[in-house]
Amino acid sequence: MKFLMGVAAAVLAAGSADATVVASSLPYQGTPDWSDVVFSGTSMIVSGGEAVLTTANTRGVWFGWLSGSNTPGWSIADNNLGNYLSLQAKFSAGADDWSAYMGDGTRYAAMQFNPTGCNSNLQNCYLFAGTPGVTLSFAGDTPGSSREQFVALDTTVYNSFEWLLLGDTVTYRINGRSYSDTAITNGGKLLIIGDGSGSSPTGTGSMSIAGVSFDTAPDFAELPGMVPEPSAWAMLITGFGLIGAARRRQRRLVA
């Protein structure tokens, strides 16, 4: 795992957050910003500045972008231009197997909230209890493989989730902490947020959203406001010390 940090100049120059936002409204059935899919027995309701998606057994409820499915007037940007998602969400107690995943035609990124680890093609995932937190997906060590990193989290309160998928790299950020590595190779273009399980035996409870936005071709190459991990600060401080010592030595030689 490599944390996206950069040099001191990159830390101080956090990058612009003025990218063109293509979708920034709360989702509801029929919104022009998003593809909205509400199966029978599920619901998507906006009230009091909050959207609540409630799922049901072998039914899905989700929004995003999917060609041919109430497609909104925007599209996923190409991999070399990048795509950025910002999401503020919480989940009901006991809610399992909710997702946010996106493919740009070249690479793929995914978060799974309160994952059960159940294979829905083989088992009834309603029999499994999810683990509070989020699983982040990255490319594996061999071509075509993938690996996951789990981040424990109280998902019954609002948390901030972001990702930037650009080139070979995906960077996720959860409440200000970033996780970055190579993104999975994938040829599809789509964006799904919610319980996209459809007829599969996965997904329980509800997902509440206080804010969501999606930018195509953002004008920053790193997530704005990136702050290094403590270990990175130690490396930077050491680097600054070495630079200072070198400059002092140079001044003595000149004198």
For residues [X] and [Y], determine if any side-chain heavy atom of one lies less than 4.5 Å from a side-chain heavy atom of the other.
X	Y	result
Pro27	Trp62	no
Cys125	Ser120	yes
Pro115	Phe150	yes
Lys90	Glu50	yes
Tyr28	Asp36	no
Pro218	Leu164	yes
Met111	Tyr101	no
Ile184	Ser137	yes

Return the minimal non-hydrogen interatomic distance between [X] and [Y], and the atom names on each side.
X	Y	value
Ala139	Ala183	CB-O, 3.5 Å
Ser178	Arg173	OG-CD, 3.5 Å
Pro72	Pro32	CB-O, 3.4 Å
Pro201	Asn124	CB-OD1, 3.8 Å
Gln88	Ser160	NE2-OG, 4.1 Å
Met102	Leu165	CE-CD2, 3.8 Å

Membership question, hydrophobic clusters at under 4.5 Å side-chain separation (ILVMFWY): are [Y] and [X] in the same one?
X	Y	result
Val61	Tyr126	no
Ile209	Val52	no
Ile193	Leu153	yes
Trp98	Phe128	no

So, applying side chain to side chain contact (heavy atoms under 4.5 Å, CB included) with Phe63, which one of Ile192, Leu191, Val38, Val212 is it?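 Output: one option passes, namely Val212.
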
Does any donor atom in the side chain of [X] or [Y] lie under 3.5 Å from an acceptor atom in the other side chain?
X	Y	value
Ser206	Thr54	no
Thr116	Asp96	no
Asp33	Thr31	no
Gln149	Tyr179	no
Asn175	Asn159	yes
Asn114	Thr155	yes

Check whether any side-chain N or O of Thr204 sits under 3.5 Å from a backbone N or O of Gly94 as a donor-acceptor pair, and report yes or no.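 Checking the backbone N and O of Gly94 against the side chain of Thr204, a donor-acceptor pair under 3.5 Å is found.
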
Main chain of Thr182, side chain of Asp168: is a donor-acceptor contact present, judged purely on distance under 3.5 Å?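 Between the backbone of Thr182 and the side chain of Asp168 there is no qualifying donor-acceptor contact (under 3.5 Å).
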
Look up atom [atom1] in [X] and atom [atom2] in [Y], then write down how far apart they are to the nearest 0.5 Å.
X	Y	atom1	atom2	result
Asn79	Thr106	CG	OG1	4.5 Å
Leu26	Ser208	CG	OG	11.0 Å
Asn83	Trp65	CG	CH2	10.5 Å
Phe214	Thr216	CZ	OG1	7.0 Å
Asp104	Leu190	CG	CG	10.0 Å
Glu148	Leu136	CD	CG	9.0 Å

Filter on side-chain hydrogen bond (donor to acceptor under 3.5 Å, both in side chains), then keep only pairs touching residues 185-195, sequence neighbours left out; what's left?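 Counting only pairs at least two positions apart or across chains, the side-chain hydrogen bond (donor to acceptor under 3.5 Å, both in side chains) contacts touching residues 185-195 are Thr55-Asp195, Asp78-Lys189, Arg107-Thr185, Asp195-Ser197.
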
For the residue pair Trp34 and Trp74, does the interplanar ring angle fall in the parallel (under 30°), tilted (30 to 60°) or perpendicular (over 60°) class?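 Trp34 vs Trp74 ring planes: perpendicular.
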
Counting only heavy atoms not in Gln29 (residues, nucleotides, ligands), do more than 12 fall under 6.0 Å from its CD?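 No, not enclosed.
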
Has Asn119 got more than 12 heavy atoms of other residues, nucleotides or ligands less than 6.0 Å from its CG?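 More than 12 heavy atoms, drawn from other residues, nucleotides or ligands, come within 6.0 Å of this atom.
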
Considering residues at least two apart in sequence or located in another chain, which fulfil the side-chain hydrogen bond (donor to acceptor under 3.5 Å, both in side chains) criterion with Ser145?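 Only Thr142 meet the side-chain hydrogen bond (donor to acceptor under 3.5 Å, both in side chains) criterion with Ser145.
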
Using the benzene-type ring in the case of Trp, are the ring centres of Phe113 and Phe161 under 6.0 Å apart?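 Yes - the distance between ring centres of Phe113 and Phe161 falls below the 6.0 Å cut-off.
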
For the aromatic rings, using the six-membered ring if either is Trp, is the centroid distance between Phe138 and Tyr172 under 6.0 Å?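 Distance test on ring centres: under 6.0 Å, yes.
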
